[in-house]
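Everything below concerns the one structure shown next.
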Amino acid sequence: MRAYITRRLLQAILVVFVVTTIMFFMFRIMPADPTTMFLEGGMTEEARQVLLEEWGLNGTIWEQYVLYMGNLLTGDFGNSFFYRKPAWEVLFPFIINTLWIAVPGLLLGAFIGSALGMIVGWAPRGGKVERSGILLATIIRGAPSFVVGIGLLAVFSSYLNWVPGYGMGDPQGQTGLMRYLNWDFAHHLILPLCAVIIFFIPENLLLMRSGVVEARTEDYIELVRAKGVSEKRVAWHAGRNSMLPLITWLFPALAETIAGIVVVEIVFSWPGVGRELVLAVVRQDYPVAQAAFFLLAIMIVLANLAADLTYSKLDPRVAYK
Amino acid sequence: MSIEFETLRGTLEKKPPVRLQVQDLCVTYKSARGPMKAISGVSFDVEPGSNFGLVGESGCGKSTVVKSLMRLLPASATTSGKVLLDGNDVLAMNRQQLSRVRWAQIALITQSAMNSLDPVFTVGDQIVESIRAHADVKHAVAWARAEELFAMVGLPPERLKEFPHQFSGGMRQRAVIAMAFSLNAGLLLADEPTTALDPIMQDQIMSRIRDIQKRLHRSMVLVTHDIAVVSETCERVAIMYAGRIVETGPTHDVLNKAYHPYTMGLQNAFPKVVAKGEKKPPLISISGGVPDLANPPAGCQFAPRCPFATAQCRAEEPMLRTAGNSLVACHHMERATEFRRAALKAETWRVEETLQ
Amino acid sequence: MSQTIHRSVAWVFRALLPIVTTFRMLIQDRFALWGLSIFGVFIIVAIIAPWIAPYDPFAPMMTETGRLMRLAPPSSDHWLGTTAFGNDVLSQLIMGSRVALRVGLVAALAVGFISTLVGVISGYFGGIIDDILMRMTDVALSIPTLPFAIVAVGLLGPSVDNIILVITLLFWRNGARIIRSVVLTERERVFVKWARAAGASHLHIILKHILPNILRVVFLWVTMSVAFAVLTEASLSFLGLGDPSITSWGQMLNTAFASGALRSAWWWVAPPSLMLIALISSLYLIGRAYEEQTNPRLKDHS
Ligand SMILES: Nc1ncnc2c1ncn2[C@@H]1O[C@H](COP(=O)(O)OP(=O)(O)O)[C@@H](O)[C@H]1O
Ligand code: SF4
Ligand SMILES: [Mg+2]
């Protein structure tokens with residue numbers, strides 16, 4: 001077990017290393033020199049050099065690479081061109097904001113989606129519930145998350161005026177955890193969270209449904225039914241078994257589903273990592289963009305790790321190798 | 001707790017064996033090629049505490065009969081007729097009545113015990129689930145009962161905590177058997193309980209089922225295509241062909257004095273237990289396959305493969321009629337003695353093959 | 001020479017056969033039939049777009065008094081009203097189908113090509129080549145999709161070609177995995193062994209025995225890739241990273257959103273939203289039906 005985790009961790013670190021490297025070179029082959037953006041025309045060559053030095057942009061690309069990776073190890077992502085302070089300091093609060101919508105959104109979406117999937121999967125084949133369930137799920141799955149977000153915004157914020165549609169509120173004088181544990185924050189959280197949940201529901205639903213449909217023809221389901229337990233309990237056996245394929249899909253799919261979160265952050269002006277990434281790219285603030293990208297990649301790698309561990313918890317047949 | 005456990009055991013031990021009466025059972029599957037009549041008018045009785053054998057080639061509808069006794073057939077199947085458990089019709093029960101009868105009165109040992117256990121629950125929990133669905137007892141009490149059952153089938157009780165994949169095939173089969181006895185149901189349905197196992201294991205498992213069943217005095221329907229197992233186990237037997245019973249009666253009579261050509265053919269296809277010194281007859285298989293039930297032939301279903309078929313056979317369906325101690329569905333059962341002699345010769349069956 | 005032509009024509013026919021049978025199978029599913037019809041309508045609209053769009057999508061519309069028609073509600077002249085910049089929404093909507101389908105189809109074909117190439121090489125040859133390619137896809141699978149697209153398009157510059165390039169770079173990875181696993185089973189099939197024993201070349205085996213059998217899966221993956229590509233393009237455009245010289249649905253939503261017209265101008269917001277949902281869902285409907293039909297365990301028999 002420990003050896004297994006160690007090996008998976010090492011693999012994860014290797015993946016992060018490669019992704020970071022790719023990202024580094026991607027940023028360095030960009031056509032524009034970032035200094036041209038921020039340096040006024042009349043700047044002396046000397047001042048330019050000082051700035052390049054500060055940003056780690058002098059020397060050959062290999063020297064820059066070694067320097068950058070070395071700094072990364074010490075948690076130094078470089079300084080933001082835009083904010084003029086360390087990129088890490090800029091991003092840190094955004095990470096928490098992102099987690100606020102991503103983690104509950106993912107968990108609730110997976111929960112609601114798989115519960116609905118169990119119902120649709122257990123419904124009679126070819127019946128109304130099955131057909132409309134599949135059709136609805138496919139249509140919602142086909143709705144880009146910004147469309148869902150705009151829809152929610154238009155209805156609940158602009159039209160009904162129930163909840164705010166912008167930002168995450170600004171609790172006066174609150175610090176630490178209290179920044180988040182207040183009504184104002186919750187009020188702001190509702191819509192973006194709903195958008196993320198809606199984003200996660202359909203795929204979970206469809207996967208769970210296929211799993212249940214496959215499971216319900218299994219022999220063990222027949223035996224469970226023969227035991228005279230309630231039909232709900234029989235459905236639970238099918239659902240419990242279908243969780244396995246769901247988990248294998250769910251976490252790796254994060255690479256794709258992070259996309260939904262980025263877009264939701266933009267639509268609701270939710271100050272998260274994804275939104276900051278977009279802003280940084282638009283501002284050509286590469287250290288921040290790089291750091292944000294790095295953080296999102298880490299989230300995916302960690303989620304994959306979590307998937308493996310969860311899977312082995314859920315499926316007794318998996319042995320740690 | 002131990003008091004609770006003794007109470008549970010007490011009530012379970014007091015359960016009488018069940019009388020099963022199946023009357024005119026018909027099952028039709030909806031299939032892509034139209035309705036398929038898998039079972040046509042099957043009737044038989046199982047006396048309390050006796051063993052009833054159901055024999056036939058694979059695909060003749062044995063599992064369908066067994067499943068319909070517990071109403072386990074998929075929604076694509078329509079069932080008619082009566083399945084009386086001590087007089088109560090299972091097919092007419094509502095959901096609640098049905099779940100009360102399942103496992104408490106009829107338990108099942110499935111055909112593919114390999115896949116009959118849910119892979120993500122421990123074996124013990126699955127047995128406990130069956131007990132607690134019917135008896136209002138604590139988990140620990142049910143667990144104690146499961147330990148007792150495991151001991152009964154010769155499995156170490158500590159392995160209850162393990163998952164099905166940690167068991168070998170034979171152990172899984174024994175676990176399924178233990179589960180079938182968990183509520184000491186009055187009627188046991190065993191659908192080819194040993195097909196998935198190697199021959200030695202088959203023997204062991206079969207004799208274990210026999211022992212337990214005899215000791216606990218339960219009624220049993222045993223499905224198999226192995227005639228030897230039937231002759232060792234069952235008082236009465238029914239031979240099925242294409243969803244119909246073609247011959248039924250006391251096992252000894254049916255196996256030694258068959259009236260139906262199919263029964264004769266079936267016996268040829270199985271190695272006989274012969275007295276020492278006697279020559280073993282060669283195995284002869286019946287050529288051809290079971291008819292397409294979505295598109296059944298007219299007349300006797302066996303006619304296309306029967307070496308004695310006549311024009312009448314191909315036109316009229318034979319009804320079950322009394323012959324000795326048995327009931328037989330063959331137009332020409334009066335000629336059974338002649339058929340029996342002919343059936344022993346391999347040519348009888350081979351000739352037909354070339355004719356087809 | 002003529003024999004070569006004859007042989008390659010025969011090959012093309014044999015290769016297309018699975019696609020035809022797939023298509024036949026799909027139209028038996030009601031949902032897939034809807035999906036195919038909707039997708040077909042989009043293709044037709046995209047082809048004839050310049051002829052049916054009533055106005056130039058970027059032309060400012062003027063009122064009779066010579067003022068810019070800002071946010072005019074639907075009327076007989078402008079069926080879907082106008083934008084905050086006085087552009088005709090319907091024209092933008094119709095022209096927008098072109099970008100969506102161009103990006104979708106070109107990127108999906110490229111994705112299909114690369115996935116097949118990597119999947120076949122990896123699955124067929126196995127060993128070290130397989131290891132290397134699969135480790136590469138492992139890394140690629142850890143790259144967050146949209147963030148990568150945002151950064152890459154930000155760096156390369158927002159043009160349709162760059163968007164297609166980035167999408168291709170992103171989506172080959174899942175396809176390669178899926179196709180590889182199919183190739184693995186195909187390779188084991190008896191006739192491949194037989195062909196190998198008879199001294200057939202690798203290329204011959206791949207082209208003749210493996211490719212025709214995996215085309216269905218490739219077809220499915222290409223279908224799904226069209227959906228992913230359309231979605232990614234729309235997302236990028238919505239984020240303001242689309243090609244500014246062309247109208248697209250994502251971009252329409254971006255401008256509508258940025259000019260705060262969400263509440264006032266439903267005619268500007270709703271149509272591109274619905275178009276995106278319809279197009280992407282139609283592809284998913286096709287893909288789903290395909291999975292349902294090919295997975296025997298999902299077939300209706302319970
Ligand atoms: N769920 C089902 N749907 C349609 N046909 C079925 C189904 N289950 C069994 N059958 C058909 O019913 C016939 C009897 O099957 P079965 O009862 O399993 O036979 P046996 O147990 O004697 O081998 C077979 O022809 C089989 O194909
Ligand atoms: S009825 Fe005719 S065909 Fe059928 S078993 Fe008897 S002899 Fe053979
Ligand atoms: Mg059977």
Side-chain angles (χ1 to χ4, degrees), chain A residues 11-12 14-16 18-19 22-23 26-27 29-31 125-126 131 134-135 138-147 150-151 153-154 157-159 165 206 210 213-214 216-217 252 254-256 258-260 262-263 266-267 274 277-278 281-282 284 289-290 292-293 296-297 299-301 304, chain C residues 30-31 34-35 138-157 173-174 227-228 230-232 234-235 238-241 250 253-254 256-257 262-264 266 269-270 272-274 276-285 288 291-292 295 297-298 300-302:
Chain A
Q11 264 175 17
L14 188 73
V15 168
V16 170
V18 177
V19 171
I22 294 173
M23 178 191 68
M26 225 167 81
F27 276 92
I29 55 165
M30 67 195 162
R125 298 299 310 271
R131 294 188 75 81
I134 288 176
L135 190 63
T138 314
I139 289 175
I140 295 175
R141 184 178 170 215
S145 47
F146 56 91
V147 168
I150 287 175
L153 212 52
S157 183
S158 300
Y159 186 71
L206 291 171
S210 327
V213 168
E214 286 184 13
R216 61 193 275 188
T217 57
L254 267 178
E256 256 101 89
I258 280 267
V262 172
V263 174
I266 294 280
V267 172
L277 171 75
V278 176
V281 166
V282 174
Q284 309 213 327
Q290 236 166 319
F293 186 85
L296 291 173
M299 280 189 206
I300 288 169
V301 170
N304 273 317
Chain C
R30 201 176 351 147
F31 288 160
W34 294 357
D138 272 349
V139 172
L141 276 167
S142 305
I143 293 176
T145 322
L146 194 61
F148 176 85
I150 291 167
V151 169
V153 171
L155 293 175
L156 295 170
R173 52 193 190 181
N174 318 55
F228 298 149
V230 171
L231 177 65
T232 309
S235 303
F238 175 73
L239 296 176
L241 292 165
L253 286 169
N254 170 277
F257 187 66
L262 268 199
R263 179 163 187 187
S264 46
W266 59 266
V269 179
S273 302
L274 292 178
L276 280 170
I277 295 178
L279 177 54
I280 299 173
S281 307
S282 72
L283 292 158
Y284 284 158
L285 283 177
R288 193 204 65 82
E291 276 168 64
E292 202 93 343
N295 183 349
R297 297 184 60 205
L298 283 180
D300 197 349
H301 56 59
S302 57

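These figures come from a predicted structure and were not determined experimentally. We name chains A, B, ... by the order of the sequence lines, and we start the count at 1 in each one.
- Heavy-atom distances place both the backbone and the side chain of C:Ala234 under 4.5 Å from chain A.
- Aromatic ring orientation, C:Phe238 versus A:Phe146: parallel (interplanar angle below 30°, classes split at 30° and 60°).
- Remark: C:Tyr284 pairs with no residue by the ring-ring contact (aromatic ring centres under 6.0 Å, His included) rule, at least two apart or across chains.
- Of the listed residues (C:Val269, C:Val139, C:Leu283), the greatest number of heavy-atom pairs within a distance under 4.5 Å of chain A belongs to C:Val139.
- Counting all heavy atoms, side chain and backbone alike, A:Gly142 lies closest to A:Pro144 at O-CD, 3.3 Å.
- Not a single donor-acceptor pair under 3.5 Å links the side chain of C:Ser281 to the backbone N or O of C:Ala278.
- In this structure, chain C has a heavy atom under 4.5 Å from the side chain of A:Val262, while its backbone stays farther away.
- Proximity to chain A (any heavy atom under 4.5 Å) is restricted, for C:Trp34, to the side chain, taken from C-beta onward.
- For the set A:Ile150, A:Val16, A:Val15, A:Ile140, the count of heavy-atom pairs under 4.5 angstrom toward chain C peaks at A:Ile150.
- When each of A:Arg131, A:Gln290, A:Gln11 is scored by its heavy-atom pairs under 4.5 Å with chain C, the top score falls to A:Arg131.
- Of all heavy-atom pairs between C:Leu141 and C:Arg173, the closest is CA-NH1, 3.8 Å.
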